[in-house]
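All values below were derived from every heavy atom in this structure, side-chain atoms included, with hydrogens, water molecules and symmetry-related copies excluded. The shown structure was predicted, so the numbers you read here are calculated from the model rather than taken from an experiment.
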Amino acid sequence: MIKKISLSIAFLLNVFVALAQGVQSPEQFLGYKLGEQFTPHHRIVEYFKYVADNSKNVKLQQYGTTNEGRPLIAMFIASDENIGRLSEIRHNNLKLAGLDQATTSSFVSGSSSSLQNMPVICWLSYNVHGNEPASSEAAMQVLFDMVDPANTQTKAWLKNTVVVIDPCLNPDGRERYVNFYNAVRGALPDANPSAREHSEPWPGGRINHYYFDLNRDWAWQTQKESQERVALFNQWLPQIHVDYHEQGYNAPYYFAPAAEPFHKVITQWQREAQNIIGKNNAKYFDQNGWLYFTRYEFDLLYPSYGDTYPIYNGSIGMTYEQGGISAGLAVVTSTGDTLTLAERIAHHHTSSLSTVETASANAQKFVDEFKKFYDDSRENPSGEYKTYVVANDNNDKIKALAKVLDRNRIQYGFGLKGAVSGYDYATGKTVQYEPGPNDLVINAYQPKSVLLRVLMEPKTFVADSNTYDITAWSLPYAYGLTAYGLKESLKPLTPTLDVADAAASSTKHAYAYVSPWQSVNDVKLLAALLKNGIKVRYSEEPFQSGGKKYARGTLLITRAGNDHGDFDQQVTQIAAACHHELVPLSSGFVENGEDLGSVFVRYIRPPRVMLIAGEGVSAEAMGEVWHFFEQQIGYPVTLVKYKDLPRVKIDDFDVAIFPDGDYPDFPSDRLQAWINNGGKLIAMENAVAQLVDRHGFDIKKKEEKKDDKADDKNKPQTISAYGERERDALRSSVPGAIYRIDLDNTHPLGYGLDKDYYTLKLSDDIYDFLGTDDWNVGTVKKDNYIAGFVGQKSKDKIKDGVLIGVQPMGRGSVVYLVDDPIFRAFWENGKLLFGNAVFMVGQ
């Protein structure tokens with residue numbers, strides 16, 4: 001009995017001690033000090049779950065999973081008074097924006113009483129790039145400080161602030177980096193920059209499972225992680241959002257205010273707030289003697305960053321950058337100092353707390369300005385155009401565009417009554433247009449008008465051409481859709497598209513089934529048919545059957561060659577699964593054009609596709625192709641390391657795709673013999689450049705015309721100022737601009753596309769027109785520039801040449817794609833072009 005009493009007393013004492021201690025710090029929970037080693041992602045998650053179980057001031061939400069199955073989590077932290085009313089706070093915040101269905105008149109009219117109990121929402125996002133791992137470590141310490149009962153400072157901040165912590169936006173990339181580092185480190189970290197622990201192997205940890213940069217995907221949401229994260233973000237719409245990064249380890253810390261260019265839509269308050277927050281950060285960095293910089297390199301233009309996307313949604317969006325990429329646990333910098341992981345954590349930890357402090361100190365101002373942002377959006381939207389009309393000449397592309405608008409909570413409808421006058425994106429002129437009932441109509445008088453303008457405006461004003469990313473992205477060009485910008489405000493006739501989901505017409509015994517070829521959805525259908533052993537053909541010439549006209553590239557699924565008992569059922573079921581329309585034909589005899597048995601109807605051999613990967617290959621460019629096959633069209637692709645190519649049975653493949661990269665000894669004699677024997681090489685971006693002047697390849701660099709005056713010996717020499725060196729380099733810069741390509745859509749590479757094709761140029765690469773035995777499928781003339789910054793020297797160069805071409809070689813072919821047609825998976829129109837390269841060319 002005495003023993004039992006003693007055990008009971010001991011148990012109670014342990015309970016009292018635990019209660020007195022409160023929540024364990026990361027060091028207590030993990031068993032080591034932060035910075036002594038990298039914390040695996042699952043242990044970060046376990047710490048957040050532990051805090052959720054042991055603190056009354058938090059709510060943990062798993063909002064998704066990665067491609068590799070790791071959880072994506074966010075912790076909501078609030079005061080005793082607010083933690084129980086998080087749902088109410090969220091809805092009230094959306095009411096301020098006019099985005100909650102239960103919006104009340106007091107919020108819309110601007111009653112001050114509606115704002116009295118509204119805390120400011122401060123959202124901290126860590127580790128979007130996997131090999132920038134210090135911020136996830138810092139996130140644990142920030143969480144502890146927020147919930148520590150003994151921390152009176154943070155308790156005071158939480159009285160009017162809700163803090164959201166997402167500890168790791170890219171768990172798959174982080175684990176790739178951490179696993180690499182832990183596998184190669186010694187008993188002690190080696191701070192020598194030459195040590196192997198400071199050199200990641202390909203593809204590196206920066207990117208996600210499919211090698212996408214998640215900090216370029218906020219608006220497009222092509223990736224699983226982005227779709228799930230941004231959905232949660234749009235359910236809350238914080239007043240402040242910080243995106244935590246690391247940069248090269250020799251750089252000091254960076255925080256807001258940001259560098260020019262700022263997009264014109266960024267409000268004066270959003271600029272001022274960056275200064276307010278930055279000055280508070282500077283106060284603490286000054287106290288510690290830490291170096292930092294502001295207003296340089298990291299601009300606010302491209303809409304798909306973790307700072308700009310929140311800004312265009314009413315937040316104060318900011319990027320914080322700590323020096324540290326490839327630094328491991330310790331590295332000697334160029335100044336001879338040793339930078340440790342513990343120091344990197346301390347810097348991010350300090351800026352995190354400083355930002356929350358500033359949010360709390362200015363809570364009412366942040367909330368007031370947030371409401372004003374959305375009031376202005378609904379009542380007085382900025383920009384020249386108040387309505388956008390997108391012609392529905394391609395229902396699949398309209399649906400794809402509508403999906404992006406839905407994900408961003410941009411409101412739209414369909415149809416207008418009567419003719420309209422507007423800016424024609426194709427011609428750059430004001431024209432008259434008669435909208436159809438299924439044309440997509442977007443009115444700018446809505447909560448998301450700022451983001452709408454940024455994504456839809458035909459030309460983005462760039463105040464400073466020294467920018468960090470692409471400078472053109474207008475969605476009508478990216479989707480290959482005809483669009484008009486209207487200066488008047490017009491409301492759509494209906495909120496929904498008056499077209500039912502496509503399905504195959506039922507028939508018991510069709511001679512053949514026909515499918516138009518005009519979008520990536522058609523490529524997906526073809527992939528599904530081929531995977532199921534269905535033989536598919538296409539027509540090289542337009543034809544008419546059953547009163548309907550069909551263009552070149554139209555798919556034909558004939559009973560001939562597929563004559564088995566369940567042919568009709570199998571084909572229609574596959575089409576239904578793809579939400580795709582098939583038209584049954586009762587005869588191969590057509591009304592106009594060539595009959596279905598003619599030589600102009602080609603059989604599509606199911607291609608066996610090899611994608612080159614590994615050292616030297618651009619991981620992101622390769623990942624785009626990988627994602628295209630696996631996630632967008634569902635067709636098998638084999639990834640082969642370039643260094644393994646000599647021992648690969650190359651005859652097991654029909655198509656070899658070489659993404660942007662640097663390929664030693666390319667092309668080999670073996671590869672060229674494979675092409676001559678019937679193989680198809682698809683060369684993209686720099687892979688094209690490496691074929692120049694190679695025996696058997698007709699691609700030639702376009703020679704720059706020399707200025708006769710440049711050779712004038714009497715002409716004074718131009719002397720450049722050292723301080724202008726960055727500006728001078730911009731004369732040959734193309735950071736991402738849109739050009740119109742004149743496309744030969746009678747060639748299989750151009751099937752299903754308009755004669756005007758819009759490409760996103762990331763360089764000034766252009767080539768001489770191919771020879772008479774080759775095909776110049778996509779060319780540019782003198783006046784083909786559309787939008788985005790292009791340096792004058794590059795602009796003079798990008799004209800009168802070829803950007804898309806096909807060279808027959810023996811029984812095979814080479815496809816030249818000078819630009820990336822599937823850039824970041826958001827350049828929708830290029831997906832059909834790339835599908836043509838894989839499935840149509842060379843058949």
Side-chain angles (χ1 to χ4, degrees), residues 63-64 72 90-91 93-95 97-103 212 214 216-237 303-304 308-310 312-315 374 377-378 381 387-392 394-416 437-457 473-481 483 491-502 519-521 524 578-580 631-632 824-829 831:
Y63 62 84
L72 296 166
R90 184 179 75 82
H91 283 286
N93 201 56
L94 292 180
K95 288 175 185 177
L99 282 165
D100 190 87
Q101 293 180 347
T103 299
F212 275 69
L214 296 180
R216 305 295 188 275
D217 195 45
W218 280 76
W220 322 130
Q221 298 164 54
T222 69
Q223 298 303 291
K224 189 176 190 293
E225 298 92 338
S226 303
Q227 292 165 12
E228 294 165 339
R229 180 183 69 257
V230 178
L232 180 67
F233 181 92
N234 276 312
Q235 291 170 16
W236 281 87
L237 293 177
S304 216
T308 51
Y309 183 83
Y312 302 147
N313 283 278
S315 300
Y374 278 100
S377 295
R378 295 191 306 271
T387 307
Y388 298 91
V389 178
V390 184
N392 190 349
N394 190 312
N395 196 50
D396 286 342
K397 291 181 182 178
I398 286 288
K399 285 186 174 181
L401 176 58
K403 182 181 290 187
V404 171
L405 299 178
D406 286 337
R407 284 174 172 164
N408 289 293
R409 299 192 71 173
I410 294 173
Q411 300 161 3
Y412 60 89
F414 296 90
L416 284 174
N438 291 321
D439 284 359
L440 189 144
V441 178
I442 319 170
N443 185 274
Y445 288 80
Q446 61 165 297
K448 290 296 192 88
S449 68
V450 171
L451 181 63
L452 167 65
R453 173 185 169 182
V454 172
L455 298 184
M456 289 293 293
E457 62 185 355
W473 51 78
S474 182
L475 290 181
Y477 296 124
Y479 281 71
L481 289 165
K491 300 287 186 180
L493 297 177
T494 176
T496 57
L497 183 62
D498 188 24
V499 177
D501 269 348
S519 77
V520 70
N521 282 358
K524 182 178 180 179
C578 295
H579 304 286
H580 206 286
Q631 295 296 321
Q632 297 177 56
R824 292 180 184 166
F826 92 89
W827 206 259
E828 188 73 15
N829 206 32
K831 295 175 183 178

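With respect to the salt-bridge test (charged N to carboxylate O, under 4.0 angstrom), the residues Glu457 and Arg453 qualify.
Annotation for Leu440 and Leu405: closest pair CD2-CD1, 4.1 Å, computed over non-hydrogen atoms. In terms of heavy atoms, Arg409 sits closest to Lys448 at O-CG, 3.3 Å. Counting all heavy atoms, side chain and backbone alike, Gln632 lies closest to Lys524 at O-CD, 3.7 Å. Residues Pro447 and Ser377 approach most closely at O-CB, 3.4 Å, considering heavy atoms. Across Leu237 and Asn93, no two heavy atoms sit closer than the pair O-ND2, 2.8 Å. The minimum heavy-atom distance between Ser315 and Phe233, with the atom names listed, is OG-CZ, 4.0 Å.
Applying the ring-ring contact (aromatic ring centres under 6.0 Å, His included) criterion to Tyr477, with sequence neighbours excluded, gives Tyr425, Tyr758. With sequence neighbours left out, the side-chain hydrogen bond (donor to acceptor under 3.5 Å, both in side chains) criterion links Arg824 to Tyr302, Asp469. Taking the ring-ring contact (aromatic ring centres under 6.0 Å, His included) definition, one finds that Phe414 meets it with Tyr412, sequence neighbours left out.
The shortest side-chain heavy-atom distance between Lys399 and Lys403 does not fall under the 4.5 Å cut-off.
A distance-only check finds a donor-acceptor pair linking the side chain of Tyr374 to the backbone of Asn313 [under 3.5 Å].
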Checklist entry - When you look at Ile398 and Tyr479, which way does the side-chain contact (heavy atoms from CB on, under 4.5 Å) test go after all the steps? => result CA-CA 8 Å; Ile398 286 288; Tyr479 281 71; over 6 Å; no
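Taken from CD in Glu828 to NZ in Lys831, the straight-line distance is 4.0 Å, to the nearest 0.5 Å.
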